[in-house]
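A, B, ... follow the sequence lines: proteins, then strands. Residue 1 opens every chain. Atom set for the values below is all heavy atoms of this structure, side chains included, hydrogens, waters and symmetry mates excluded.
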Amino acid sequence: MKFYNTITQQKETFIPIESGKVRMYSCGPTVYNYFHIGNARPFIVFDVLRRYLEYSGYQVTFIQNFTDVDDKIINRSRDEGITPQELSEKYIKEYFIDADALGIERASAHPKVSEHMTEIIDMIKILEEKGLAYNVNGNVYYHVDNFPDYGKLSKQSIEDLKSGARVDVNDEKQSPLDFALWKKKKAGEPFWESPWGQGRPGWHIECSAMSKKHLGETIDIHGGGQDLIFPHHENEIAQSEGSCGKPFANYWLHNGYININNEKMSKSKGNFFTVRDIAKSFDLEVVRMFLLMAHYRSPVNFSEELLQQASTALDRFYTAKYQMAFLLDNATTDAATKAEQTWISSLDAYKTAFIKAMDDDINTADAIASIFELVRDLNSHLTPTSSKEAIIAGQKLFGELTGVLGLAVKEKETNLESEIEDLIAKRQAARKEKDFKKSDEIRDELLAKGIIIEDTREGVKWKRV
RNA sequence: GGUGCCAUAGCCAAGUGGUAAGGCAAAGGUCUGCAACACCUCCAUCCCCAGUUCAAAUCUGGGUGGCACCUCCA
């Protein structure tokens, strides 16, 4: 399998450090609010990557952190009149609610900054000993000029970065590119004891420290959004490689942005949507489908219309799944005929196409196309006379492929309110008497109650709007 | 100014040298009392110009247009 590696700027065959095992890290959310659709993309992308690696036989250790020590958290907790810890705990819970609805599995661990102060301080101490960090009045900065590889991920030279750097009002830094590793305590802020006095860590050091603790000095894959390339990931490299002298990550994977009207979604533009908001109008599986229908590195535009398209597309999966379940319930023969056996073997082609697409830098758009082709094949070949063996073969492959993408395609509800059941029965009676006016009226009434009626060759079926 | 990305049908989107996947929408058809579902059919020569090649959406050069990073942000 191949991945596009940001640091080499090309697709490379994936070779894990340890055969059969993958260690990956992805930057998680700063927990001060519900996360937005832009945050959701890397969560989904790297969840799919993790699932696919496991599907391919790797034993994956996947770490995604929670940033629970941060200016934004402190500020917001003041606004809400609670402690920063209370605020971050609250939004960690909310994160899991949305993540679950998006079909995002739990990482192997979700470490928190607040629980890794020892590791963070130890790493800063090493950097200081190596001459890569300096302490000014209790603020510790990374000395970028002393790390020759700085800029290797973002393809920027230190000189270029300096010329583009904003005039820095902070005269404590020796160079404008230097960044904070440890920030001196300010009144009213949470703090921890350290060799440099009371304070808290800078933003970048946490990922280096937690990655090292949970995954070791060199990891296989490091992921995140493209906007983390600089400075966050560049700084992580400086910290991790500067402190241990070994490569930090072998493969750097970065997902593209989500835009609104071709513009980046940002807090300052006020054009962002939280996942929680979207959940009011759409099942979040639609969001997952929408994002996976594009390649993870491409920028995607986001709009309600596009979500609606994805929703309709996803309905094809649901319809196929329910149809197979229906056919299996009503199947009368067990064993596949010879012709069916031939057909069952032919299904392998879809799996092969799916794997080929996923192997090529996680091309989920192409992989989904192969599932649509499978669905068409299933819809045209499975009939009320199909054997259970054939239907089960179809179900198995469909479930396997959608499962790798984390598309749950939830089981159909079986419980129908008795009131609805009565209406359906009345409508059937009216149809039997060819009283179509009445039957259509009942159908409209059911629709108003959120039930769509379909008269199929196999009988009446219903589904929720 | 430095760095990187993108431009494929009405909409979305794969495809990185061999003659344009898939989804949504629209149209025609089969099925159906009708509708819906499903299935069948139909729908593009790939921003422009030049070049390399037997062969280019795919490579090279030059344009044009758009986006992003260099500042907290996935």
Practice item. Could you work out the separation of B:C54 and B:G22 based on their C1' atoms and round it to a whole Å? Key: 32 Å
Review point. So A:Tyr251 and A:Phe3, would you call those rings parallel, tilted or perpendicular, with 30° and 60° as cut-offs?
Key: perpendicular
Check your understanding: If you check the A:Val300 side chain, which of B:A13, B:A74, B:U3 turns out closest?
Key -> B:A13
Point to revise | Euclidean distance for C1', B:C49 against B:G65 (whole angstrom) | key: 15 Å
Check your understanding: When you check every protein heavy atom under 4.0 Å of nucleotides 20-29 of chain B, what one-letter string (B, S, -) results, 5' to 3'?
Key -> -BSBBS----
Review point. On a whole-Å scale, what distance lies between the P atoms belonging to B:A50 and B:A57?
Key: 15 Å
Exercise for review: Taking the six-membered ring of A:Phe96 (Phe, Tyr or Trp), confirm whether the NZ or CZ of A:Arg106 is under 6.0 Å from its centre and within 45° of its axis.
Suggested key: yes
Study note, to complete from the structure: Any strand, both distances under 3.5 Å, Watson-Crick or G-U wobble: B:G61 pairs with B:C49
Exercise for review: Starting from C1' on B:C12, measure out to CG on A:Asn259 and report it in whole angstrom.
Suggested key: 14 Å
Check your understanding: Looking for any heavy atom pair under 4.0 Å, which part of the strands does A:Lys461 touch: base, sugar-phosphate only, or nothing?
Key -> nothing
Practice item. Please work out if A:Gln323 contacts a base, only the sugar-phosphate, or nothing of the nucleic acid, heavy-atom cut-off 4.0 Å. Key: nothing
Exercise for review: Using heavy atoms to find the nearest nucleotide of RNA chain B for A:Glu454 and A:Asn363 separately, return the residue whose nucleotide is more 5′.
Suggested key: A:Asn363
Practice item. Output the residues of residues 222-237 of chain A in contact with RNA chain B, where contact means a heavy atom of the residue under 4.0 Å from an atom of the strand; sort by number or write none. Key: A:Gly224, A:Gly225, A:Asp227, A:Leu228, A:Phe230
**Study point:** Paired nucleotide for B:A25 [Watson-Crick or G-U wobble; both distances under 3.5 Å]
**Key:** none
**Study point:** Pairing partner (Watson-Crick or G-U wobble, both distances under 3.5 angstrom) of B:A44
**Key:** none
Point to revise | Interatomic distance where OH belongs to A:Tyr34 and P belongs to B:A74 [whole Å] | key: 18 Å
Check your understanding: What is the distance from CG of A:Asp361 to C1' of B:G15, rounded to the nearest Å?
Key -> 14 Å
Review point. Below 4.0 angstrom, N of the basic side chain to O of the carboxylate: do A:Lys356 and A:Asp366 qualify?
Key: no
Point to revise | Euclidean distance for C1', B:U58 against B:C40 (whole angstrom) | key: 32 Å
Exercise for review: Considering only NZ, NE, NH1 and NH2 on the basic side and carboxylate oxygens on the acidic side, decide whether A:Asp47 and A:Arg51 come within less than 4.0 Å.
Suggested key: yes
Revision key, fill the gap. Of the listed B:G33, B:U16, B:C69, the closest approach to the A:Asp455 side chain comes from B:G33
**Study point:** Sugar-phosphate only, base, or nothing, as touched by A:Ile453 at under 4.0 Å among non-hydrogen atoms
**Key:** base
Check your understanding: Within the structure shown, what part of the strands sits under 4.0 Å from A:Lys155 by heavy-atom distance: base, sugar-phosphate, or nothing?
Key -> sugar-phosphate
**Study point:** A:Thr337 backbone acceptor or donor facing A:Glu340 side chain under 3.5 Å
**Key:** yes
Check your understanding: Between A:Lys463 and A:Tyr318, is NZ or CZ placed under 6.0 angstrom from the six-membered ring centre and within 45° of the ring axis?
Key -> no
**Study point:** Atom pair distance, as rounded to whole Å: NE2 in A:His254 and P in B:C67
**Key:** 23 Å
Review point. For A:Arg427, which contact category applies under a 4.0 Å heavy-atom criterion: base, sugar-phosphate, or nothing?
Key: base
Review point. Which whole-number value in Å describes the distance from A:Tyr91 OH to B:A74 C1'?
Key: 19 Å
Review point. Base, sugar-phosphate, or nothing: which does A:Ile258 touch, judged by heavy atoms less than 4.0 Å apart?
Key: base
Check your understanding: With A:Phe436, which residues qualify under ring pair (Phe, Tyr, Trp, His ring centres under 6.0 Å), at least two apart?
Key -> none
Practice item. Using the P atom as the reference point in each nucleotide, state the distance between B:C59 and B:G18 in Å, no decimals. Key: 12 Å
Practice item. Could you tell me whether A:Lys438 and A:Glu433 have a side-chain N and a carboxylate O separated by less than 4.0 Å? Key: no
**Study point:** Nearest-nucleotide 5' precedence on RNA chain B, A:Gly38 against A:Asp360
**Key:** A:Asp360
**Study point:** Pairing nucleotide - B:C69, Watson-Crick or G-U, each distance under 3.5 Å
**Key:** B:G2
Point to revise | Listed nucleotide nearest any side-chain atom of A:Lys72, set B:C11, B:C72, B:G15 | key: B:C72
Check your understanding: Which nucleotide in the set B:C70, B:C34, B:G33 lies at the smallest distance from any side-chain heavy atom of A:Leu161?
Key -> B:C70
Check your understanding: Which value, in whole Å, describes the distance between the C1' atoms of nucleotides B:G2 and B:C43?
Key -> 45 Å
Check your understanding: Taking CG from A:Leu292 and P from B:A14, how many angstroms apart are they, rounded to a whole number?
Key -> 12 Å
Practice item. Evaluate the criterion side chain to side chain contact (heavy atoms under 4.5 Å, CB included) for residue pair A:Leu347 and A:His381; output intermediate values, then yes/no. Key: CA-CA 11 Å; A:Leu347 294 179; A:His381 282 87; over 6 Å; no
Check your understanding: Any donor-acceptor pair under 3.5 Å linking the side chain of A:Arg23 with the backbone of A:Leu215?
Key -> yes
Practice item. Tell me whether the OP1 or OP2 atom of B:C37 has a side-chain N or O from A:Asn379 closer than 4.0 Å. Key: no
Practice item. Give one of base, sugar-phosphate or nothing for A:Gly256, where a contact means two heavy atoms less than 4.0 Å apart. Key: base
**Study point:** Within 6.0 Å of CD in A:Gln85, more than 12 heavy atoms from elsewhere
**Key:** no
Review point. Where the side chain of A:Thr456 is defined as all heavy atoms beyond and including C-beta, which of B:G33, B:A36, B:C72 is the nearest nucleotide?
Key: B:A36
Check your understanding: Under 4.0 Å between a Lys/Arg side-chain N and an Asp/Glu carboxylate O for A:Lys186 and A:Asp71?
Key -> no
Exercise for review: Taking atom C1' in both B:U8 and B:U45, compute the distance separating them and give it to the nearest angstrom.
Suggested key: 10 Å
Study note, to complete from the structure: Looking only at B:C11, B:A35, B:A14, the nucleotide nearest the A:Ala294 side chain is B:A14
Practice item. If B:U16 has a Watson-Crick or G-U wobble mate with both distances under 3.5 Å, name it; if not, just say none. Key: none
Check your understanding: When all nucleic acid strands are considered with a 4.0 Å heavy-atom cut-off, which category describes A:Ser298: base, sugar-phosphate, or nothing?
Key -> sugar-phosphate
Review point. Taking CE from A:Met358 and P from B:G15, how many angstroms apart are they, rounded to a whole number?
Key: 13 Å
Check your understanding: Is there a donor and acceptor pair, one atom on the side chain of A:Arg297 and one on the base of B:C5, closer than 3.5 Å?
Key -> no
Review point. Reckon A:Ser311 touches a base, only the sugar-phosphate, or nothing at all at heavy-atom distances under 4.0 Å?
Key: nothing
Practice item. Pick base, sugar-phosphate or nothing for A:Asp440, based on heavy-atom distances below 4.0 Å to the nucleic acid. Key: base
Practice item. Using the C1' atom on both, measure B:A56 against B:C39 and round to a whole Å. Key: 36 Å
Practice item. May I ask you to say whether A:Lys426 pairs ionically with A:Glu445, meaning some side-chain N is under 4.0 Å from a carboxylate O? Key: no
Point to revise | Closest to side chain of A:Tyr4, choosing from B:C37, B:C67, B:C5 | key: B:C5
